[in-house]
Number of protein chains: 2
Amino acid sequence: MTPHERELTTTDADGHPDADAAIVLGEDPPSARVPLDRRRIVDAALEHIEESGLATLTMRRLGARLDVEAMSLYRYVPGKEDLLDAIVEILIGDMHEDPEVLAAPECGWQDFLQRLAHGVRRVALAHPKSFPLVASRPPEAPWLRPPLRSLDWVETFLSGLCSDGFSDEAAVAGYRAFTSFLLGHLLLEVSSLGADIGPLDVLEDGDDEDPRLRDHPTVRRLRRGLGEDHAAAEFEEALEELLNRIAVIRVEL
Amino acid sequence: MTPHERELTTTDADGHPDADAAIVLGEDPPSARVPLDRRRIVDAALEHIEESGLATLTMRRLGARLDVEAMSLYRYVPGKEDLLDAIVEILIGDMHEDPEVLAAPECGWQDFLQRLAHGVRRVALAHPKSFPLVASRPPEAPWLRPPLRSLDWVETFLSGLCSDGFSDEAAVAGYRAFTSFLLGHLLLEVSSLGADIGPLDVLEDGDDEDPRLRDHPTVRRLRRGLGEDHAAAEFEEALEELLNRIAVIRVEL
DNA sequence: ACCTGAACACCGTTCAAGT
DNA sequence: ACCTGAACACCGTTCAAGT
C-alpha cells in the first residue's frame, strides 16, 4: 500500500517525475517516506497487538511494519517499556477525547458515571487485546489506591463527584467501587473477545463430547448457558446496581 | 559452587569415598543434589516471581536458582509458556486444597460463596505478583464465558449453587457476577501490593509537593484518603452486596 | 536531521554428547 | 537416567557511521 502510493506520486504512467508538482502543491515531500514520529509508532504498536497479540510485539517487527529498522524507533521512544506505557496513554486519551465522556456532569453524577463507564467500555471493546495493559502496567501514582493509571482520569472522576454533592470520603469510596467494577467486568469481557475462539471450540450441544467434560458434569449440563454472551446486558445491570450502591455511599459518608 | 559441593561429598579430605555411609543411613544420596522434578521447578518459578517479578523470570535464571543449567528444565517442562500455565494450576490447586474452601455447601450457598471468595482472596494475597497470571493466561475452556481458568473451579462453583436451589440459569448468572467481582477486587488489591511502593512514594501530607499534583487539585486534596488501604473492609462490604444481588437472581431466574 | 550496520548481552529452545 | 556444551534464531539496545 505504501509502495503503491509512492509509485503513483513519484512518476506517472509516461515516466514523468511528478514529484515537483506535488511539492509545488505543498504536499508531502514526494514520497521519501514520511519521517517517523512518536504517535505513528505507538499507533502501529496498537495495530500490531490487535492483529497479532502482545506476545509477538517486537521492536524489530514493529520497525518492519513501519518500513524502518528497529534502531530507528529509539530516536522517538526510549525503550520498549515506555512504548507499552505510551499505548496505555493513548487508550486513556481516546477516552478523554470522547465528547460523550468529556461532557461536564451537568445532569447529575449518575448520568456522569454512566457516560464514564460506557466510554471506558467502548475503548476496551475497541482494543480488546491492548486493554489489559491498562490494568497491568505499573501505575503513574503508586501511592494511589487502587493504582489505576492516569491521574487525569482520577481527577476527572473525583472532581465530577465532588461537584455534585459528594463529600471527600464518599468520592474516594465511590472511586474505589467504580474502578474495581470496571476492571472486573471489562477484563473478563475483553478476554473472551481476545481469546480468538475457534469455531470448533464453540462446543455445539451435539452428541460429540469434549473429553474434558467427563469429570465436570455440571459444566457439561450448563454448557449452553455458559457459552452465551450476555456481557452487554450484564454490564448494564451491574452498573445500575453499582450506582445504587454509590448512592448509598453518597448520603451515608 | 556445584563442583564445590560435589568435591566435598564424593570424597573426604583423605580421599575416602563417603557416599556409602550416607546411603546406609537411608538419607538422600549424599548430596548429589536431589534430581530435578516438575513440582520443584514450578515452585521455584513462583518464588522467583514473588521475589523479583515476572519480567525477570528466565529459563536461565530459573535454572541457576535450582543449581542447574537452563536446558535441564526442558526434561520436565515443555517450555516457558507451559511453565506459566503450571504456575496458575498450582495457585488454583492451593485454593482447592484449602479445607475451608473445600467443605461442601452444607450451611447454604451464602456460606459457600463466602468461603470461596475468602479462599480465592487468601491465595491472591499470598502470591500478589503471580496472581495476575490467573487472569491473563489463555483459559482452559475458551468457550466458557467468562473464561476463567480451571474447569475444576467452575464445576465446584456451579454444582455448589445447584445443590442449594439455584436453577441452571441462576447458577450461570451467579457465576458471571461472582467471577467479575473477584477479578476486579483482587486484581486491584494485588496490584497495590505488588507495586513495591517505595517509602518515599507515600506522599506525606507535608508541605513538599509532587509536581504531578499541580494539575490535579482534587487528587491533591483527597490524597490522604486515596492513599489509605481499606481493601479488606471494602471487600467484605462489596461481597455482602454481591450476595444480596445473587439472592435476587436466585429467586428470579 | 534522520536512518542504518555492526555489535553486545541476553533470550528460548534443540540435540548430540557426556557422566 | 539425568544433566550439559555448543549452537541457532531471535531479542532489546547502543553507538559510530552513513546519507
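We name chains A, B, ... by the order of the sequence lines, and we start the count at 1 in each one.
Regarding A:Leu36, its CG atom lies at a distance of 17 Å from the C1' atom of D:dT19, rounded to whole Å. At whole-Å resolution of the value, CG in B:Leu62 and C1' in C:dT13 are 15 Å apart. To the nearest angstrom, P of C:dC10 lies 17 Å from CG of B:Leu57. Following rounding to the nearest Å, A:Met71 (CE) and C:dA7 (P) show an atom-to-atom distance of 12 Å. Distance A:Glu69 CD to C:dC3 P: 11 Å, rounded to the nearest Å. As rounded to whole Å, 16 Å separates atom P of D:dC2 from atom CG of B:Leu66.
Ion pair A:Glu189/A:Arg121 flagged as a salt bridge, since at least one NZ, NE, NH1 or NH2 atom sits closer than 4.0 Å to an Asp/Glu carboxylate oxygen.
By the salt bridge (Lys or Arg N to Asp or Glu O under 4.0 Å) test, A:Arg75 pairs with no residue at all, sequence neighbours left out. With sequence neighbours excluded, no residue forms a side-chain hydrogen bond (donor to acceptor under 3.5 Å, both in side chains) with B:Glu100. By the side-chain hydrogen bond (donor to acceptor under 3.5 Å, both in side chains) test, B:Glu140 pairs with no residue at all, sequence neighbours left out.
With the 3.5 Å cutoff on both pairing distances, Watson-Crick and G-U pairs in DNA chain D assemble into runs of at least 3 at C:4-8 with D:12-16, C:12-16 with D:4-8.
Atoms CG and CG, from A:Leu46 and A:Leu91 in turn, are 5.5 Å apart once rounded to the nearest 0.5 Å. Atom-to-atom distance recorded for B:Leu193:CG and B:Lys129:NZ is 9.5 Å, nearest 0.5 angstrom. To the nearest 0.5 angstrom, B:Ser192 atom OG is 5.0 Å from A:Arg145 atom CZ.
Proximity note for B:Arg60 (side chain, C-beta onward) versus C:dG5, D:dA7, D:dG5: the nearest is D:dA7.
A:Met59 comes within contact range of the sugar-phosphate backbone alone, with a heavy-atom separation under 4.0 Å but no base atom that close. Base engagement by A:Ser72 is indicated by at least one non-hydrogen atom pair under 4.0 Å involving a base atom.
Side-chain contact of A:His96 with A:Asp152: a donor-acceptor pair under 3.5 Å is absent, judged by distance alone.
Residues from residues 73-84 of chain A with heavy atoms under 4.0 angstrom of DNA chain C, sorted by number: A:Arg75, A:Tyr76.
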Side-chain polar contacts of residues 131-138 of chain B - donor-acceptor pairs under 3.5 angstrom, sequence neighbours left out - could you list them?
from: B:Ser136; atom 1: OG; to: B:Pro132; atom 2: O; distance (Å): 3.3
from: B:Arg137; atom 1: NH1; to: B:Glu81; atom 2: O; distance (Å): 3.3
from: B:Arg137; atom 1: NH1; to: B:Glu81; atom 2: OE1; distance (Å): 3.3
from: B:Arg137; atom 1: NH1; to: B:Asp85; atom 2: OD1; distance (Å): 3.3
from: B:Arg137; atom 1: NH2; to: B:Glu81; atom 2: OE1; distance (Å): 3.0

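Checking the phosphate oxygens (OP1, OP2) of C:dC10, no side-chain nitrogen or oxygen of B:Arg61 falls inside 4.0 Å.
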